[in-house]
Amino acid sequence: AQVWGPRRQRGVAMGACPPCALRGNSSTLLKAEDEEAENLSIGLPHMTVMVVGVRGMLTTSLPKGKERWIYCTVKPASWEGNLVHTTGWKNDVNDPVWHEEAVFQEYSIDDSIEFTLWDADENKESMVLGVAEISSFEYDPHGFNGELLVRDHGSKIIGHMEVRVKIGTGDYPEGLSQEFAVAVTNPRRRPLGLAYDPMDGAALYICSIKSGIIQAYNKTANPHMQVLPGYFIVRVNDCSGNSKEMLKAIRRYSELEIVVRRPQEMHATLHAQGQDRLGMDFPQKPVGQALLISRVSDIREVGQTAELPATTDWNDQCPERPILAGDRIVAVDGERGKASVLLKKIKSMAKLKRRFDVTFVRPAGMNKLAGAME
(Lines give C-alpha, C1' and ligand atoms only; values in the text may rest on other atoms or scores of the structure.)
Protein backbone atom coordinates (compact mmCIF):
# COMPACT_ATOMS: atom_id res chain seq x y z
CA ALA A 1 0.00 0.00 0.00
CA GLN A 2 1.07 3.54 -0.59
CA VAL A 3 2.24 4.97 2.71
CA TRP A 4 3.25 8.46 3.72
CA GLY A 5 4.63 9.90 6.93
CA PRO A 6 3.57 13.27 8.36
CA ARG A 7 5.63 15.62 10.35
CA ARG A 8 5.33 15.15 14.11
CA GLN A 9 2.87 17.70 15.35
CA ARG A 10 1.05 18.59 18.53
CA GLY A 11 -2.57 19.55 18.78
CA VAL A 12 -5.73 19.14 20.77
CA ALA A 13 -6.97 15.57 20.88
CA MET A 14 -10.34 14.67 19.44
CA GLY A 15 -11.57 14.06 23.00
CA ALA A 16 -11.29 11.17 25.45
CA CYS A 17 -14.33 9.50 24.01
CA PRO A 18 -15.50 5.88 23.91
CA PRO A 19 -15.42 4.14 20.51
CA CYS A 20 -17.33 6.56 18.33
CA ALA A 21 -17.16 8.39 15.04
CA LEU A 22 -16.38 12.07 15.15
CA ARG A 23 -17.40 13.91 12.03
CA GLY A 24 -17.86 17.58 12.66
CA ASN A 25 -20.20 17.78 15.67
CA SER A 26 -21.44 14.22 15.22
CA SER A 27 -20.58 11.54 17.77
CA THR A 28 -22.62 8.64 16.40
CA LEU A 29 -20.90 5.58 15.02
CA LEU A 30 -22.67 4.02 12.07
CA LYS A 31 -22.74 0.28 12.65
CA ALA A 32 -22.06 -2.23 9.91
CA GLU A 33 -25.51 -3.76 10.37
CA ASP A 34 -27.26 -0.43 9.73
CA GLU A 35 -29.63 -0.22 6.79
CA GLU A 36 -27.93 -0.02 3.39
CA ALA A 37 -27.22 3.61 2.58
CA GLU A 38 -26.42 4.95 -0.84
CA ASN A 39 -24.24 7.94 -1.51
CA LEU A 40 -26.90 9.87 -3.40
CA SER A 41 -24.49 12.43 -4.77
CA ILE A 42 -22.41 9.97 -6.76
CA GLY A 43 -24.44 6.76 -6.60
CA LEU A 44 -21.88 4.75 -4.60
CA PRO A 45 -22.75 2.16 -1.95
CA HIS A 46 -21.50 2.82 1.56
CA MET A 47 -17.97 1.76 2.47
CA THR A 48 -17.21 -0.03 5.74
CA VAL A 49 -13.73 0.17 7.25
CA MET A 50 -12.54 -1.90 10.21
CA VAL A 51 -9.41 -0.99 12.14
CA VAL A 52 -8.34 -4.33 13.62
CA GLY A 53 -5.17 -3.27 15.40
CA VAL A 54 -1.49 -2.44 15.26
CA ARG A 55 1.40 -4.82 15.88
CA GLY A 56 5.14 -4.70 16.06
CA MET A 57 5.43 -1.05 17.07
CA LEU A 58 9.05 -0.04 17.57
CA THR A 59 9.44 0.88 21.22
CA THR A 60 11.78 3.70 20.21
CA SER A 61 8.87 5.34 18.37
CA LEU A 62 6.60 5.36 21.45
CA PRO A 63 6.64 8.19 24.00
CA LYS A 64 7.60 7.22 27.54
CA GLY A 65 5.24 7.15 30.53
CA LYS A 66 2.19 5.16 31.54
CA GLU A 67 -0.38 7.97 31.36
CA ARG A 68 -0.55 7.75 27.60
CA TRP A 69 -3.19 6.57 25.17
CA ILE A 70 -3.04 5.35 21.57
CA TYR A 71 -5.89 5.80 19.12
CA CYS A 72 -6.41 5.80 15.35
CA THR A 73 -8.29 8.20 13.12
CA VAL A 74 -9.64 7.18 9.71
CA LYS A 75 -10.94 9.22 6.79
CA PRO A 76 -11.27 9.17 3.00
CA ALA A 77 -8.70 11.48 1.42
CA SER A 78 -11.40 13.82 0.05
CA TRP A 79 -12.67 14.70 3.51
CA GLU A 80 -11.50 18.15 4.54
CA GLY A 81 -10.00 19.40 7.79
CA ASN A 82 -10.82 17.65 11.05
CA LEU A 83 -13.60 15.42 9.78
CA VAL A 84 -12.60 11.92 10.87
CA HIS A 85 -13.78 8.72 12.43
CA THR A 86 -11.79 7.78 15.52
CA THR A 87 -11.31 4.55 17.44
CA GLY A 88 -11.43 4.27 21.19
CA TRP A 89 -8.35 5.14 23.21
CA LYS A 90 -6.10 2.35 24.50
CA ASN A 91 -4.06 3.04 27.62
CA ASP A 92 -0.48 1.84 28.20
CA VAL A 93 -0.28 -0.68 25.32
CA ASN A 94 2.31 -0.99 22.56
CA ASP A 95 0.21 -3.12 20.20
CA PRO A 96 -3.41 -1.92 20.54
CA VAL A 97 -6.33 -4.00 19.24
CA TRP A 98 -9.67 -2.40 18.39
CA HIS A 99 -11.77 -4.44 15.93
CA GLU A 100 -13.84 -1.28 15.42
CA GLU A 101 -15.86 -0.38 12.34
CA ALA A 102 -16.99 2.83 10.75
CA VAL A 103 -19.33 3.23 7.80
CA PHE A 104 -18.62 6.00 5.29
CA GLN A 105 -21.60 7.18 3.26
CA GLU A 106 -19.73 10.05 1.60
CA TYR A 107 -16.55 9.46 -0.34
CA SER A 108 -15.19 9.85 -3.86
CA ILE A 109 -14.74 6.95 -6.23
CA ASP A 110 -10.97 7.41 -6.33
CA ASP A 111 -10.48 8.13 -2.62
CA SER A 112 -7.56 6.63 -0.79
CA ILE A 113 -8.18 5.90 2.91
CA GLU A 114 -5.91 7.55 5.45
CA PHE A 115 -5.15 5.98 8.84
CA THR A 116 -3.37 8.15 11.40
CA LEU A 117 -2.00 6.71 14.63
CA TRP A 118 -1.96 9.14 17.57
CA ASP A 119 -0.47 9.29 21.05
CA ALA A 120 -2.31 11.32 23.71
CA ASP A 121 -1.01 12.39 27.12
CA GLU A 122 -2.82 13.00 30.42
CA ASN A 123 -3.71 16.54 29.24
CA LYS A 124 -5.45 15.14 26.15
CA GLU A 125 -2.85 16.67 23.87
CA SER A 126 -2.08 14.44 20.91
CA MET A 127 0.93 13.81 18.72
CA VAL A 128 1.08 11.91 15.45
CA LEU A 129 3.02 8.63 15.74
CA GLY A 130 2.64 7.46 12.16
CA VAL A 131 0.40 7.19 9.12
CA ALA A 132 -0.66 4.49 6.67
CA GLU A 133 -2.70 4.81 3.50
CA ILE A 134 -4.43 2.47 1.08
CA SER A 135 -5.36 3.49 -2.48
CA SER A 136 -8.78 2.94 -4.06
CA PHE A 137 -7.11 0.57 -6.54
CA GLU A 138 -6.37 -1.80 -3.68
CA TYR A 139 -9.85 -1.95 -2.10
CA ASP A 140 -12.36 -1.13 -4.87
CA PRO A 141 -14.43 -3.06 -5.84
CA HIS A 142 -13.48 -6.29 -4.04
CA GLY A 143 -12.46 -4.91 -0.65
CA PHE A 144 -9.27 -5.41 1.31
CA ASN A 145 -8.13 -7.59 4.19
CA GLY A 146 -4.49 -7.27 5.20
CA GLU A 147 -1.76 -5.19 6.75
CA LEU A 148 -0.46 -1.73 5.93
CA LEU A 149 2.93 -0.32 6.84
CA VAL A 150 2.87 2.47 9.40
CA ARG A 151 5.56 5.09 8.83
CA ASP A 152 6.70 7.99 10.97
CA HIS A 153 7.45 11.54 9.86
CA GLY A 154 10.77 10.39 8.40
CA SER A 155 9.12 7.57 6.40
CA LYS A 156 10.70 4.97 8.70
CA ILE A 157 8.58 1.86 9.21
CA ILE A 158 7.47 1.75 12.86
CA GLY A 159 4.78 -0.96 12.77
CA HIS A 160 2.01 -2.76 10.91
CA MET A 161 -1.71 -1.94 10.95
CA GLU A 162 -4.31 -4.58 10.13
CA VAL A 163 -7.38 -3.18 8.38
CA ARG A 164 -10.39 -4.45 6.44
CA VAL A 165 -12.48 -2.66 3.84
CA LYS A 166 -15.70 -3.67 2.09
CA ILE A 167 -17.96 -1.90 -0.38
CA GLY A 168 -21.72 -2.20 0.16
CA THR A 169 -23.27 -5.17 1.95
CA GLY A 170 -21.71 -8.59 2.34
CA ASP A 171 -18.61 -9.88 4.05
CA TYR A 172 -15.05 -8.69 4.13
CA PRO A 173 -12.79 -10.53 1.66
CA GLU A 174 -10.57 -13.29 2.92
CA GLY A 175 -7.03 -12.31 3.85
CA LEU A 176 -4.05 -13.21 1.70
CA SER A 177 -3.04 -16.85 1.78
CA GLN A 178 0.29 -17.51 3.45
CA GLU A 179 1.61 -19.28 0.36
CA PHE A 180 0.84 -19.73 -3.32
CA ALA A 181 2.15 -21.86 -6.19
CA VAL A 182 3.75 -20.66 -9.42
CA ALA A 183 3.88 -22.99 -12.44
CA VAL A 184 6.97 -22.48 -14.60
CA THR A 185 7.80 -24.02 -17.97
CA ASN A 186 11.50 -23.73 -18.73
CA PRO A 187 12.52 -26.20 -21.47
CA ARG A 188 15.89 -24.51 -22.10
CA ARG A 189 16.72 -24.39 -18.36
CA ARG A 190 17.20 -20.64 -18.49
CA PRO A 191 17.84 -18.71 -15.25
CA LEU A 192 14.66 -17.78 -13.41
CA GLY A 193 16.09 -14.34 -12.67
CA LEU A 194 16.13 -14.82 -8.89
CA ALA A 195 18.99 -14.17 -6.48
CA TYR A 196 18.66 -16.59 -3.55
CA ASP A 197 20.03 -16.90 -0.04
CA PRO A 198 19.99 -20.65 0.83
CA MET A 199 22.03 -20.31 4.03
CA ASP A 200 19.31 -21.41 6.49
CA GLY A 201 19.37 -24.84 4.86
CA ALA A 202 15.59 -25.20 4.63
CA ALA A 203 14.25 -22.53 2.27
CA LEU A 204 15.40 -20.19 -0.49
CA TYR A 205 15.15 -16.58 0.63
CA ILE A 206 14.60 -14.34 -2.40
CA CYS A 207 17.07 -11.45 -2.27
CA SER A 208 16.28 -9.78 -5.59
CA ILE A 209 14.54 -10.27 -8.92
CA LYS A 210 16.10 -9.40 -12.26
CA SER A 211 15.38 -10.08 -15.91
CA GLY A 212 14.14 -13.63 -16.43
CA ILE A 213 11.18 -16.01 -16.27
CA ILE A 214 9.86 -14.84 -12.88
CA GLN A 215 10.01 -11.18 -13.84
CA ALA A 216 7.98 -11.99 -16.96
CA TYR A 217 5.49 -13.93 -14.82
CA ASN A 218 5.08 -10.97 -12.44
CA LYS A 219 4.11 -8.63 -15.29
CA THR A 220 0.89 -10.55 -15.95
CA ALA A 221 0.18 -12.01 -12.49
CA ASN A 222 -2.38 -10.70 -10.03
CA PRO A 223 -0.55 -8.27 -7.68
CA HIS A 224 -1.30 -10.58 -4.74
CA MET A 225 0.28 -13.52 -6.59
CA GLN A 226 3.53 -11.86 -7.60
CA VAL A 227 6.89 -13.23 -6.45
CA LEU A 228 8.70 -10.49 -4.55
CA PRO A 229 12.04 -9.96 -2.80
CA GLY A 230 11.80 -11.05 0.83
CA TYR A 231 9.55 -14.02 0.00
CA PHE A 232 10.61 -17.62 0.62
CA ILE A 233 10.62 -20.59 -1.77
CA VAL A 234 9.62 -23.52 0.45
CA ARG A 235 8.98 -26.23 -2.18
CA VAL A 236 10.06 -27.02 -5.74
CA ASN A 237 8.04 -29.88 -7.23
CA ASP A 238 8.27 -32.63 -4.59
CA CYS A 239 11.35 -31.24 -2.88
CA SER A 240 11.01 -29.28 0.38
CA GLY A 241 12.92 -28.68 3.59
CA ASN A 242 16.34 -28.69 1.92
CA SER A 243 17.55 -25.56 0.15
CA LYS A 244 20.36 -27.32 -1.76
CA GLU A 245 17.99 -29.93 -3.18
CA MET A 246 15.51 -27.24 -4.22
CA LEU A 247 18.26 -25.42 -6.11
CA LYS A 248 19.14 -28.66 -7.89
CA ALA A 249 15.48 -29.19 -8.81
CA ILE A 250 15.23 -25.68 -10.30
CA ARG A 251 18.22 -26.41 -12.54
CA ARG A 252 17.18 -29.99 -13.39
CA TYR A 253 13.51 -29.83 -14.39
CA SER A 254 11.81 -28.02 -17.26
CA GLU A 255 8.38 -28.15 -15.58
CA LEU A 256 8.42 -26.55 -12.16
CA GLU A 257 5.83 -26.00 -9.48
CA ILE A 258 7.37 -23.47 -7.11
CA VAL A 259 5.59 -22.89 -3.79
CA VAL A 260 6.28 -19.41 -2.45
CA ARG A 261 5.53 -18.38 1.13
CA ARG A 262 5.10 -14.79 2.20
CA PRO A 263 7.27 -13.41 5.00
CA GLN A 264 6.00 -12.90 8.53
CA GLU A 265 7.59 -9.80 10.00
CA MET A 266 8.02 -9.38 13.75
CA HIS A 267 9.79 -7.03 16.13
CA ALA A 268 11.78 -7.51 19.32
CA THR A 269 13.48 -5.17 21.77
CA LEU A 270 16.88 -6.36 22.99
CA HIS A 271 19.22 -5.08 25.67
CA ALA A 272 22.57 -6.85 25.62
CA GLN A 273 25.17 -6.31 28.34
CA GLY A 274 28.04 -6.65 25.91
CA GLN A 275 28.74 -8.29 22.54
CA ASP A 276 29.12 -11.71 24.18
CA ARG A 277 25.64 -11.38 25.73
CA LEU A 278 23.56 -11.15 22.57
CA GLY A 279 22.49 -14.79 22.78
CA MET A 280 22.58 -15.37 19.03
CA ASP A 281 25.20 -16.13 16.40
CA PHE A 282 25.56 -15.02 12.79
CA PRO A 283 27.50 -16.16 9.71
CA GLN A 284 31.10 -14.95 9.62
CA LYS A 285 30.54 -13.34 6.23
CA PRO A 286 26.89 -12.23 6.03
CA VAL A 287 25.55 -11.46 2.57
CA GLY A 288 22.48 -9.83 1.08
CA GLN A 289 19.94 -7.51 2.66
CA ALA A 290 18.97 -9.79 5.55
CA LEU A 291 21.15 -10.99 8.44
CA LEU A 292 20.67 -14.70 9.09
CA ILE A 293 20.54 -15.86 12.71
CA SER A 294 22.45 -19.13 12.70
CA ARG A 295 22.02 -20.00 16.38
CA VAL A 296 20.04 -18.83 19.43
CA SER A 297 21.03 -19.63 23.01
CA ASP A 298 18.48 -21.77 24.83
CA ILE A 299 17.62 -20.83 28.40
CA ARG A 300 18.59 -24.35 29.48
CA GLU A 301 22.10 -23.74 28.12
CA VAL A 302 22.45 -20.52 30.04
CA GLY A 303 21.47 -21.86 33.44
CA GLN A 304 20.93 -19.68 36.48
CA THR A 305 22.68 -16.35 35.88
CA ALA A 306 21.97 -12.82 37.04
CA GLU A 307 21.71 -11.52 33.47
CA LEU A 308 20.29 -13.63 30.66
CA PRO A 309 21.65 -13.06 27.15
CA ALA A 310 19.46 -10.51 25.38
CA THR A 311 17.79 -12.92 22.94
CA THR A 312 17.27 -15.59 25.61
CA ASP A 313 15.66 -13.00 27.87
CA TRP A 314 13.35 -11.81 25.05
CA ASN A 315 12.26 -15.38 24.25
CA ASP A 316 11.61 -16.05 27.94
CA GLN A 317 9.52 -12.88 28.32
CA CYS A 318 7.73 -13.05 24.94
CA PRO A 319 7.25 -16.74 24.04
CA GLU A 320 4.54 -15.81 21.52
CA ARG A 321 7.12 -13.91 19.41
CA PRO A 322 10.40 -15.78 19.88
CA ILE A 323 13.57 -15.17 17.90
CA LEU A 324 14.61 -18.49 16.36
CA ALA A 325 17.57 -19.93 14.51
CA GLY A 326 16.86 -19.49 10.82
CA ASP A 327 15.16 -16.11 11.26
CA ARG A 328 16.57 -13.15 9.36
CA ILE A 329 17.05 -9.65 10.75
CA VAL A 330 16.03 -7.07 8.16
CA ALA A 331 16.19 -3.86 10.23
CA VAL A 332 17.79 -2.47 13.39
CA ASP A 333 15.93 0.42 15.04
CA GLY A 334 13.84 0.63 11.88
CA GLU A 335 16.85 1.14 9.61
CA ARG A 336 17.29 -1.38 6.78
CA GLY A 337 20.46 -2.12 4.87
CA LYS A 338 23.03 -4.73 3.96
CA ALA A 339 23.44 -7.70 6.30
CA SER A 340 27.01 -6.67 7.10
CA VAL A 341 25.84 -3.18 8.11
CA LEU A 342 23.05 -4.60 10.29
CA LEU A 343 25.54 -6.87 12.05
CA LYS A 344 27.89 -3.98 12.68
CA LYS A 345 25.09 -1.92 14.20
CA ILE A 346 23.93 -4.78 16.45
CA LYS A 347 27.45 -5.33 17.76
CA SER A 348 27.85 -1.60 18.35
CA MET A 349 24.63 -1.38 20.35
CA ALA A 350 25.59 -4.44 22.39
CA LYS A 351 29.04 -3.04 23.10
CA LEU A 352 27.48 0.22 24.33
CA LYS A 353 24.90 -1.80 26.33
CA ARG A 354 22.07 0.12 24.71
CA ARG A 355 18.51 -1.05 24.15
CA PHE A 356 17.60 -1.51 20.48
CA ASP A 357 14.82 -2.86 18.27
CA VAL A 358 15.26 -5.57 15.65
CA THR A 359 12.84 -6.43 12.85
CA PHE A 360 13.07 -10.07 11.81
CA VAL A 361 11.29 -12.32 9.32
CA ARG A 362 10.53 -15.97 8.74
CA PRO A 363 8.14 -17.79 6.37
CA ALA A 364 4.58 -16.92 7.45
CA GLY A 365 2.99 -19.48 9.75
CA MET A 366 6.23 -21.37 10.37
CA ASN A 367 7.54 -21.20 13.93
CA LYS A 368 10.53 -23.23 12.82
CA LEU A 369 11.96 -24.08 9.45
CA ALA A 370 12.19 -27.82 9.05
CA GLY A 371 15.84 -28.65 8.88
CA ALA A 372 16.96 -25.06 9.48
CA MET A 373 20.52 -24.68 10.71
CA GLU A 374 21.00 -28.42 11.20
Side-chain angles (χ1 to χ4, degrees), residues 56 195-207 230-234 240-247 261 263-374:
Y196 316 98
D197 174 2
M199 292 180 66
D200 64 44
L204 299 175
Y205 180 74
I206 300 175
C207 301
Y231 284 18
F232 295 83
I233 294 176
V234 295
S240 62
N242 188 310
S243 55
K244 292 183 180 179
E245 292 301 317
M246 285 190 284
L247 280 174
R261 188 165 278 256
Q264 178 182 359
E265 189 168 291
M266 291 169 285
H267 302 270
T269 301
L270 304 179
H271 192 188
Q273 299 300 310
Q275 292 187 13
D276 61 340
R277 304 299 291 171
L278 279 167
M280 53 183 167
D281 297 331
F282 309 99
Q284 290 186 348
K285 295 181 179 181
V287 297
Q289 300 293 117
L291 177 60
L292 178 68
I293 301 172
S294 56
R295 180 179 174 276
V296 171
S297 298
D298 188 276
I299 194 168
R300 292 168 295 183
E301 301 174 22
V302 177
Q304 300 296 322
T305 61
E307 290 285 348
L308 291 174
T311 306
T312 310
D313 183 52
W314 170 265
N315 289 349
D316 186 45
Q317 298 296 323
C318 302
E320 75 283 357
R321 286 187 289 164
I323 298 173
L324 304 174
D327 290 346
R328 286 173 166 84
I329 295 174
V330 295
V332 178
D333 283 341
E335 299 292 336
R336 300 182 183 238
K338 293 182 178 180
S340 57
V341 175
L342 297 175
L343 178 57
K344 184 177 181 179
K345 188 168 184 178
I346 288 172
K347 288 184 175 181
S348 174
M349 298 298 282
K351 183 178 180 179
L352 296 172
K353 300 183 180 180
R354 291 181 179 174
R355 192 180 302 274
F356 61 96
D357 291 308
V358 295
T359 304
F360 59 101
V361 298
R362 68 172 66 110
M366 292 186 175
N367 287 333
K368 182 179 180 181
L369 288 175
M373 312 318 300
E374 293 180 352

Got a second to check how far [X]'s [atom1] is from [Y]'s [atom2], nearest 0.5 Å?
X    : Y    : atom1 : atom2 : result
D357 : D333 : CG    : CG    : 5.5 Å
L324 : I293 : CG    : CD1   : 8.5 Å
K353 : R277 : NZ    : CZ    : 10.5 Å
W314 : M280 : CH2   : CE    : 11.5 Å
K285 : M199 : NZ    : CE    : 11.0 Å
I206 : I233 : CD1   : CD1   : 4.5 Å

Residues in side chain to side chain contact (heavy atoms under 4.5 Å, CB included) with [X], at least two apart?
X    : value
L247 : Y196, P198, L204, R251
K338 : Q289, S340, V341
E335 : K156, K345
K347 : Q275, L343

Looking at residues at least two apart in the chain, or sitting in another chain, which of them share a side-chain hydrogen bond (donor to acceptor under 3.5 Å, both in side chains) with [X]?
X    : value
T359 : H267
E265 : H160, R336
D197 : R328

Identify, with sequence neighbours excluded, every residue that meets ring-ring contact (aromatic ring centres under 6.0 Å, His included) alongside Y205.
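Counting only residues at least two positions away or on another chain, Y205 forms a ring-ring contact (aromatic ring centres under 6.0 Å, His included) with F232.
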
Heavy-atom closest pair, residues [X] and [Y]:
X    : Y    : answer
P263 : V361 : CB-CB, 4.4 Å
R261 : P363 : CD-CB, 3.6 Å
V330 : A290 : CG1-CB, 3.9 Å
N315 : I323 : OD1-N, 2.7 Å
P286 : A339 : CB-CB, 3.8 Å
V234 : A203 : CG1-CB, 4.4 Å

Is the shortest heavy-atom distance from the side chain of I346 to the side chain of L291 under 4.5 Å?
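Counting from C-beta outward, I346 and L291 do come under 4.5 Å.
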
Any donor and acceptor pair, going by atom type alone, linking the side chain of T312 with main-chain N or O of S297 inside 3.5 Å?
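Judged by distance alone, yes, a pair lies under 3.5 Å.
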
S294 (side chain) donor-acceptor with D281 (main chain) under 3.5 angstrom
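Such a contact is found between S294 side chain and D281 backbone.
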
Does atom CD of E320 have more than 12 heavy-atom neighbours, drawn from other residues, nucleotides or ligands, at distances under 6.0 Å?
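Yes, the 6.0 Å shell around CD holds more than 12 heavy atoms from other groups.
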
